[in-house]
Amino acid sequence: MVKLEEVEDQELDQAQPGPVDDSAYDSADFTDTDSELSDDDTFSTLPQESISERISALRDILPPRHRRTLTTALSRTSSAVKQTSWFAGKGLWVLSTGALMLMVPFAIALFDEQQIVEQEKEIKAQEQAREGIMGRSEGAAAGAGAGAVGGGEGGKGL
């Protein structure tokens with residue numbers, strides 16, 4: 001069987017430095033922390049920090065190696081986004097100016113062609129109307145002349 005024996009530490013028995021009695025404490029220096037936490041004005045006594053100061057204080061949370069990795073990744077991402085947006089902007093400029101240079105004259109020519117086709121349709125419609133009017137008047141005159149000639153000949157022959 002094992003026997004346990006208590007060994008007392010001599011350093012724990014020695015007196016600690018500092019005041020021995022409560023009379024050495026100044027009551028003006030002592031404040032009750034419980035009452036301060038319940039006050040509403042505790043937030044107004046806090047130092048005013050901006051968001052950027054708080055974020056910059058967060059850098060102490062990450063070890064330098066992780067900060068460097070994060071900074072490098074963010075830098076590369078930012079650079080890639082900038083280059084992509086620059087390239088996209090230049091490409092958009094080339095496409096839009098090219099479209100204007102090619103499509104505007106094409107649209108004008110197409111509009112002119114439509115006007116010419118409409119004018120040709122109007123001219124054909126006018127010619128057909130003229131031929132219809134001329135055809136009717138010639139047909140009516142020919143029919144009236146043929147009836148008069150035929151009637152005269154028919155009267156003589158009968």
Student: For Asp112 and Gln115, what are the C-alpha separation, side-chain angles and deciding distance, and is it a side chain to side chain contact (heavy atoms under 4.5 Å, CB included)?
Tutor: CA-CA 5 Å; Asp112 288 343; Gln115 284 182 339; 3.9 Å; yes
Student: Which heavy-atom pair separates Gln48 from Glu53 by the least distance, and what is that distance?
Tutor: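 Reported closest heavy-atom pair: O-OE1, 4.2 Å.
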Student: State the CZ-CD distance between Phe111 and Gln114, to the nearest 0.5 angstrom.
Tutor: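 The CD atom of Gln114 is 7.5 Å from CZ of Phe111, to the nearest 0.5 Å.
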Student: Does Leu74 CG have over 12 foreign heavy atoms under 6.0 Å away?
Tutor: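 More than 12 heavy atoms, drawn from other residues, nucleotides or ligands, come within 6.0 Å of this atom.
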Student: Is it true that a side-chain atom of Gln128 and a backbone atom of Ala125 form a donor plus acceptor pair closer than 3.5 Å?
Tutor: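 Answer holds: no.
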Student: Would you confirm whether Ser79, through its side chain, and Ser75, through its main-chain N or O, come within 3.5 Å as a donor-acceptor pair?
Tutor: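 Absent.
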Student: Let me confirm one number: the NE2-OG1 distance from His66 to Thr71, rounded to the nearest 0.5 Å.
Tutor: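 It is 12.5 Å, given to the nearest 0.5 Å.
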Student: Which distance, rounded to the nearest 0.5 Å, do you find between the CD1 of Ile133 and the CD of Glu131?
Tutor: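 If I round to the nearest 0.5 Å, the distance is 11.0 Å.
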Student: Kindly compute the distance separating CG (Leu100) from CG (Leu95), expressed to the nearest 0.5 Å.
Tutor: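 The distance works out to 11.0 Å.
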Student: Between the side chain of Ser85 and the main-chain N/O of Val81, is any donor-acceptor distance below 3.5 Å?
Tutor: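 It does hold such a pair.
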Student: Going from OG on Ser78 to CD on Gln83, what distance comes out if it is rounded to the nearest 0.5 angstrom?
Tutor: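 Answer for the OG-CD pair, Ser78 versus Gln83, is 10.0 Å.
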Student: Answer with yes or no whether the hydrophobic clustering places Val94 together with Trp86; edges join I, L, V, M, F, W, Y residues whose side-chain heavy atoms lie under 4.5 Å apart.
Tutor: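 No, Val94 does not connect to Trp86 through the hydrophobic network.
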Student: Rounded at 0.5 Å granularity, tell me how far CZ in Arg65 sits from CZ in Arg67.
Tutor: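 Result: 12.5 Å between the selected atoms.
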